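Bear in mind the structure is a predicted one, so any value in this text is a computation, not a measurement. Numbers here are sequence positions counted from 1.
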Amino acid sequence: MADYSEATSPSNNLRMAYKTDIVIIGAGQAGLSSAYHLQKSGLKAGSNFLLLDKSPNAGGAWQYRWPSLTLSTVNRIHDLPGMTFSDVLEPEVSEVKASVAVPHYYAAYEKKFQLPVYRPVNVSVVCERNDRFRIETDRETFTVRGIINATGTWETPVIPHYTGAELFKGQQLHTRDYQAAEAFAGKHVIIVGGGISALQLLDEISQVTTTTWVTRSEPQFRETPFSEEDGRAAVAIVEDRVRRGLIPGSVVSVTGIPLTPALRAARDRGALNRLPMFSEITETGIRWADGTEQRADVILWCTGFRSSLDHLAPLQIREANGGIIMGGRLATQVMKDPRIHLVGYGPSASTIGANRAGAAAAKELSAYLKLD
């Protein structure tokens, strides 16, 4: 069995298949939490399991977030198991960029627990061979008994198709392309989407230029922050959906959007004047069904992401409706093949959910493979 305890980068010319028990695909919050719990159960990092990560550095998708997203503006970042955020960053520091602070924390975590993260490695496809999984990457090939998939959503942005999209002469961008509001100064920006990220970007961009905000449904604002009860209720609804094989729904659609001081200020200056979804895109902007038009230079699609699971397609874990029937204590186990756990999917998509799901997946997969 190959020992990846040093997690080095072998030569690109080597194409032999390395054999291990479990591979974790993705080294963000969900992947690191899963690795911690596998190690805690007695499995040897680098021998019994290892992590494959697409990014060149520690930090998961956080390293790609826009510069204005700081620890004071981001949704709460929960501690990884066994090491608090304050161990590497002073608690009172809040204005540091999330794209700097979180990767720093994750890198320190990997080092402290000597987790074997092999990067950058892009997993292209996973298929079944002789009762094991064959994981093909742009570097080596691995053969494993079980998989914990923790690839998140950042790599698969969703942009819905609208008639005329190919005619638009301005820019069309997605949330993941955003860097700074100043880039849009002097331009009219259409912001599409009703999630928290859409509103954060709307707030920033509307301070430097004119904007139009459109959503498919009327946003539901709330005067109070999320409570623990709200969070549990939202997670329960999403968990019920995935256990029935439905596509996970939006948490915001369940909890509503808290009116933060920043959003109150945006509302006061008229930036939260929401309009219904347009029916088509023109060369110069957008058009509604009644013929009303709005000229624009930029359409910013804040329309979310879908789970990055295309590499698992040959395993045929999806239902006809595109959903996946999930089981296990925290709905991480793929019912069509219990050797596969999805952590960071459905109810475990939040940082706190990923921690708890990582523990459950590690325990259940180890038991199923009789490794514990």
Distance (rounded to the nearest 0.5 Å) between [X] [atom1] and [Y] [atom2]:
X    : Y    : atom1 : atom2 : value
E128 : L315 : CD    : CG    : 7.0 Å
F184 : E204 : CZ    : CD    : 10.0 Å
H104 : N57  : NE2   : CG    : 13.5 Å
T151 : L312 : OG1   : CG    : 7.0 Å
C302 : I159 : SG    : CD1   : 10.0 Å

Inset, instruction - Decide salt bridge (charged side-chain N to carboxylate O under 4.0 Å, His left out) for E293 and R295; before the verdict, give the C-alpha distance in whole Å, the side-chain angles of both, and the deciding distance to 0.1 Å. - result: CA-CA 7 Å; E293 296 190 25; R295 294 182 63 85; over 6 Å; no

Which residues satisfy the side-chain hydrogen bond (donor to acceptor under 3.5 Å, both in side chains) test with [X], sequence neighbours excluded?
X    : value
S41  : none
N321 : none
D337 : R339
E223 : R264

Is [X] atom [atom1] crowded by more than 12 heavy atoms from other residues, nucleotides or ligands, each under 6.0 Å away?
X    : atom1 : value
D290 : CG    : yes
K363 : NZ    : no
D131 : CG    : no
R267 : CZ    : yes

Legend entry - Lys/Arg-Asp/Glu bridge criterion (N-O < 4.0 Å) met for R241, E239: no

Inset, instruction - Answer yes or no: is there an ion pair linking E155 with K54, defined by an N-O contact shorter than 4.0 Å? - result: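 Judged by the 4.0 Å cut-off on N to carboxylate O distance, E155 and K54 do form a salt bridge.
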
With a 4.5 Å limit on heavy-atom distance, are the side chains of [X] and [Y] in contact?
X    : Y    : result
I135 : T141 : no
P258 : F221 : no
V23  : L50  : yes

Inset, instruction - Could you name each residue pair satisfying side chain to side chain donor-acceptor pair (under 3.5 Å) that touches residues 307-316, not counting sequence neighbours? - result: N149-H311, T156-S308, R306-D310

Inset, instruction - Answer yes if the side chains of Q29 and N355 hold a donor-acceptor pair under 3.5 Å, and no otherwise. - result: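 A pair is found: one side chain offers a donor N or O, the other an acceptor, under 3.5 Å apart.
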
Legend entry - Donor on one side chain, acceptor on other, H188 and T212, under 3.5 Å: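 Indeed, the side chains of H188 and T212 share at least one donor-acceptor pair under 3.5 Å.
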
[X]: partners by side-chain contact (heavy atoms from CB on, under 4.5 Å), with sequence neighbours left out:
X    : value
P56  : Q63, Y64
K40  : Y36
R145 : D21, R132, L369, L371

Legend entry - Within residues 102-117 or reaching into it, pairs that qualify as salt bridge (charged side-chain N to carboxylate O under 4.0 Å, His left out) - sequence neighbours excluded: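 As it turns out, the salt bridge (charged side-chain N to carboxylate O under 4.0 Å, His left out) pairs with a partner in residues 102-117, which skip direct neighbours, are E110-R119.
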
Do side-chain atoms of [X] reach the backbone of [Y] as a donor and acceptor pair under 3.5 angstrom?
X    : Y    : result
Q179 : P67  : no
R318 : G322 : yes
D138 : N122 : yes

Inset, instruction - Tell me who clusters with L167, hydrophobic residues only, linked when side chains sit under 4.5 Å apart either directly or through other members. - result: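 Once heavy-atom contacts under 4.5 Å are chained together, L167 still belongs with nothing else.
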
Inset, instruction - Just do the side chain to side chain contact (heavy atoms under 4.5 Å, CB included) check on Y105 and M83 with the steps written out, would you? - result: CA-CA 9 Å; Y105 173 43; M83 179 180 178; 4.2 Å; yes

Inset, instruction - Could you check whether the rings of Y18 and F142 sit parallel, tilted or perpendicular, using 30° and 60° as the cut-offs? - result: tilted

Solution key, residues 269-280 side-chain donor-acceptor pairs under 3.5 Å, sequence neighbours excluded:
unit_1: R269; atom_1: NE; unit_2: S206; atom_2: OG; d: 3.4
unit_1: R269; atom_1: NH2; unit_2: D203; atom_2: O; d: 2.8
unit_1: R269; atom_1: NH2; unit_2: D203; atom_2: OD1; d: 2.7
unit_1: R269; atom_1: NH2; unit_2: S206; atom_2: OG; d: 2.9
unit_1: R274; atom_1: NE; unit_2: T215; atom_2: OG1; d: 2.7
unit_1: R274; atom_1: NH1; unit_2: E218; atom_2: OE1; d: 2.9
unit_1: R274; atom_1: NH2; unit_2: T215; atom_2: O; d: 2.9
unit_1: S279; atom_1: OG; unit_2: R287; atom_2: O; d: 3.1
unit_1: S279; atom_1: OG; unit_2: A289; atom_2: N; d: 3.3
unit_1: E280; atom_1: OE1; unit_2: R287; atom_2: NH1; d: 3.3
unit_1: E280; atom_1: OE2; unit_2: R287; atom_2: NH1; d: 3.2

Inset, instruction - Take I299 and L173 through the test side chain to side chain contact (heavy atoms under 4.5 Å, CB included) and record every step on the way to the result. - result: CA-CA 6 Å; I299 300 175; L173 305 172; over 6 Å; no

Inset, instruction - Kindly determine whether V242 and Y345 satisfy side chain to side chain contact (heavy atoms under 4.5 Å, CB included), including the steps that lead there. - result: CA-CA 9 Å; V242 300; Y345 174 83; 3.9 Å; yes

Could you pull out every donor-acceptor pair under 3.5 Å between side chains of residues 326-333 and any protein atom, sequence neighbours left out?
unit_1: T332; atom_1: OG1; unit_2: H341; atom_2: ND1; d: 2.8

Legend entry - Qualifying residue, where the test is side-chain contact (heavy atoms from CB on, under 4.5 Å) with I25 and the options are V123, L51, V343, I148: V123

Inset, instruction - Please assess L365 against L38 for the test side chain to side chain contact (heavy atoms under 4.5 Å, CB included), listing each intermediate value before the final yes or no. - result: CA-CA 9 Å; L365 183 56; L38 286 176; 5.8 Å; no

